[in-house]
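For reference, the structure is listed below as structure tokens.
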Amino acid sequence: MAFRFLAREAGRVHVCGHRGYSRHYPENTLPALEAAKAAGATAVEIDVVLTSDGEAIILHDLTVDRTTNGHGFAADLSLEQIRRLDAGVRFHSTFAGTKIPKVAEVLDWAKAGDMGVVLEIKEAERPDLAVDLVAGLLRSTGVVDRVMIICFDHVLLKRAIERHPDLRTEAITHARHADLVGVLRACSANSVSIELDMFHPDDARALHEAGFSNRVHIPRPDVLAEYWRGGRDPLPDLVQWIADGLIDTISGDDVPFIAMLVKRAGRAG
């Protein structure tokens with residue numbers, strides 16, 4: 001059965017773990033993805049770069065320095081070298097021995113667990129090759145229907161659809177555009193990623209009327225605490241928007257927190 005990203009088709013608002021349950025687990029690793037699912041996520045967001053020998057791996061940064069015990073650009077390291085790195089120990093000693101996963105491994109995991117995947121192309125030097133490799137993996141693992149390819153580079157998304165019309169794509173935005181529907185049509189995207197502070201219900205209605213879905217990314221509770229300390233609370237409006245069916249997917253680092261918001265809105269399915 002195809003994965004439905006539109007809430008009205010899915011019968012629920014999706015909870016998306018940003019890089020997995022990345023608040024309490026090492027981001028973009030299988031433990032973080034498993035924890036996201038256990039905490040109520042129905043989808044996960046992951047990031048993709050390429051190794052020197054052209055293998056697609058799950059990694060947010062172009063270098064391995066921040067998240068592993070290694071050093072250097074992923075594009076300069078072979079898959080064998082990448083697999084020798086520890087992607088958990090710098091987060092916490094509890095996760096020592098955790099490996100950087102291959103895209104294929106995560107796709108197999110998603111298929112087995114009936115999870116949606118929001119897959120961001122982070123590869124900078126060979127982005128078209130990354131798209132082509134990912135498209136091939138989606139087909140070979142039989143998960144084309146449950147993956148959304150996302151990117152800040154809308155031109156890359158347009159090229160991706162020209163070569164692979166069976167893909168579904170999502171354009172990332174960090175601004176409120178005057179014609180958001182026009183932006184998506186220009187790059188042949190199916191969905192848009194919007195930050196909470198740029199979300200507007202009128203835009204969501206226009207997107208839905210045109211057949212597009214949206215994913216709204218919210219800050220972690222410790223960031224939202226700045227609002228609460230100042231006597232402001234953005235959550236009542238957010239919960240109402242979810243309840244009204246204006247948001248299709250809500251994503252964040254703290255999966256139990258966003259799952260709670262969806263449940264409070266009565267849209268958990």
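Everything quoted here is computed from the prediction, not taken from an experiment.
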- So if you build clusters from Ile, Leu, Val, Met, Phe, Trp, Tyr with side-chain heavy-atom gaps below 4.5 Å, do V143 and I46 land together? yes
*asked:* Using the rule given for side chain to side chain contact (heavy atoms under 4.5 Å, CB included), can you reason through S78 versus D53, listing the C-alpha separation, both sets of side-chain angles and the distance that settles it, and then say yes or no?
replied: CA-CA 6 Å; S78 67; D53 46 350; 3.9 Å; yes
A268 backbone acceptor or donor facing R12 side chain under 3.5 Å: yes
Notebook entry, point to check: Between F199 and W241, what is the ring plane arrangement, given parallel below 30°, perpendicular above 60°, and tilted in between?
Noted result: tilted
For P219 and L196, the nearest pair of non-hydrogen atoms, with its separation, is CD-CD2, 4.2 Å
- Does L246 share a hydrophobic cluster with F5, counting links as ILVMFWY side-chain heavy atoms below 4.5 Å and allowing steps through other members? no
* Dump the intermediate steps for side chain to side chain donor-acceptor pair (under 3.5 Å) on H174 and E195, then the final yes or no. => CA-CA 6 Å; H174 276 179; E195 297 294 318; 3.1 Å; yes
| message | Keeping H14 on the side-chain end and C16 on the backbone end, is there a donor-acceptor pair under 3.5 Å? | response | no
Point to revise | Any T249 side-chain heavy atom under 4.5 Å of S213 side chain | key: no
*Quick one: does P26's side chain get under 4.5 Å of T29's, heavy atoms only?*
yes
Just do the side chain to side chain donor-acceptor pair (under 3.5 Å) check on H208 and D248 with the steps written out, would you?
CA-CA 10 Å; H208 286 164; D248 298 295; 2.7 Å; yes
For E80, does the CD atom sit with more than 12 other heavy atoms under 6.0 Å from it, leaving out its own atoms? no
inquiry  = Just checking F257: does its CZ atom have more than 12 heavy atoms from other residues, nucleotides or ligands closer to it than 6.0 angstrom?
reply    = yes
_Main-chain N/O of T94 paired with H92 side-chain donor or acceptor, under 3.5 Å_ = yes
Pair Y25 + F95: ring centers closer than 6.0 Å: yes
Sequence neighbours excluded, the answer for side chain to side chain contact (heavy atoms under 4.5 Å, CB included) partners of A104 is L137
Closest non-hydrogen contact found for A36 with G17 is CB-CA, 4.5 Å
For residues 224-231, tabulate all N or O donor-acceptor pairs below 3.5 Å that involve a side-chain atom, not counting sequence neighbours.
| residue | atom | partner | partner atom | Å |
| --- | --- | --- | --- | --- |
| E226 | OE2 | R229 | NH2 | 2.3 |
| W228 | NE1 | D233 | OD1 | 3.0 |

Are any side-chain N or O atoms of T63 and backbone N or O atoms of H71, one a donor and one an acceptor, separated by less than 3.5 Å? no
| Does a sphere of radius 6.0 Å around CZ in R66 hold more than 12 heavy atoms from other residues, nucleotides or ligands, not counting ones at 6.0 Å or beyond? | yes
Do L119 and I150 come close enough that some side-chain heavy atom pair is under 4.5 Å? no
Between A74 and I57 the two heavy atoms that sit nearest each other are CB-CD1, 4.4 Å
Next item on the list: Kindly say whether V15 contributes a backbone atom to a donor-acceptor pair with the side chain of T42 at under 3.5 angstrom?
Entry: yes
So the side chain to side chain donor-acceptor pair (under 3.5 Å) pairs with at least one residue in residues 253-268 (sequence neighbours excluded) are H18-D253, S22-D253, R23-D254
Inset, instruction - Tell me, with the steps shown, if E105 and K99 meet salt bridge (charged side-chain N to carboxylate O under 4.0 Å, His left out). - result: CA-CA 11 Å; E105 291 173 316; K99 302 302 180 185; over 6 Å; no
Of all heavy-atom pairs linking T169 and A189, the shortest is OG1-CA, 3.2 Å
Worksheet entry | Verify same cluster id: V192, M198 (apolar side-chain graph, 4.5 Å) | yes
Sorted by chain and residue number, the side chain to side chain contact (heavy atoms under 4.5 Å, CB included) partners of E34 (sequence neighbours excluded) come out as W109
L184 versus L207: any side-chain heavy-atom pair under 4.5 Å? yes
Would a distance-only check, ignoring hydrogens and angles, find a side-chain to backbone donor-acceptor pair under 3.5 Å from Q81 to R83? no
* Hydrophobic cluster identity match, L77 and L59, side-chain contacts under 4.5 Å -> yes
Residues passing the side chain to side chain contact (heavy atoms under 4.5 Å, CB included) test with A96, sequence neighbours excluded, are D86, V89
**Q.** Donor-acceptor contact below 3.5 Å, side chain R146 vs main chain M115
**A.** yes
Output for pair (L157 CG, C151 SG), nearest 0.5 Å, gives 5.5 Å
Sorted by chain and residue number, the salt bridge (charged side-chain N to carboxylate O under 4.0 Å, His left out) partners of K122 (sequence neighbours excluded) come out as E120
dist N214:CG -> D203:CG (nearest 0.5 Å) comes out at 9.5 Å
Starting from the C-alpha separation in whole Å, work towards a yes-or-no answer on salt bridge (charged side-chain N to carboxylate O under 4.0 Å, His left out) for D128 and R163.
CA-CA 10 Å; D128 288 292; R163 295 197 308 281; 3.2 Å; yes
Salt bridge flag under 4.0 Å for residues R205 and E209:
no
#### Entry: Heavy-atom side-chain contact between S193 and R215 under 4.5 Å
yes
Practice prompt. Inspect the contact between R185 and D179 and indicate whether a charged nitrogen and a carboxylate oxygen are less than 4.0 angstrom apart.
Written response: no
Could you tell me whether E9 atom CD has more than 12 heavy atoms of other residues or ligands within 6.0 Å of it? yes
Any donor-acceptor pair under 3.5 Å from H60 side chain to T67 backbone:
no
Do I172 and L62 share a hydrophobic cluster (ILVMFWY, side-chain heavy atoms under 4.5 Å, transitive)?
-> no
Between Y21 and V255, is any pair of side-chain heavy atoms under 4.5 Å apart?
-> yes
N28 side-chain N/O to R19 backbone N/O, donor-acceptor pair under 3.5 Å: no
Original post:
Any side-chain heavy atom of L129 within less than 4.5 Å of one from V131?
Top reply: no
**Message:** So S191 and M148, do their side chains get closer than 4.5 Å, heavy atoms only?
**Reply:** yes
- Query: Can you check whether G72's main-chain N or O pairs, donor with acceptor, with D65's side chain at less than 3.5 Å?
  - Reply: yes
Only residue of L79, V48, T51, I58 satisfying side-chain contact (heavy atoms from CB on, under 4.5 Å) with K102 is L79
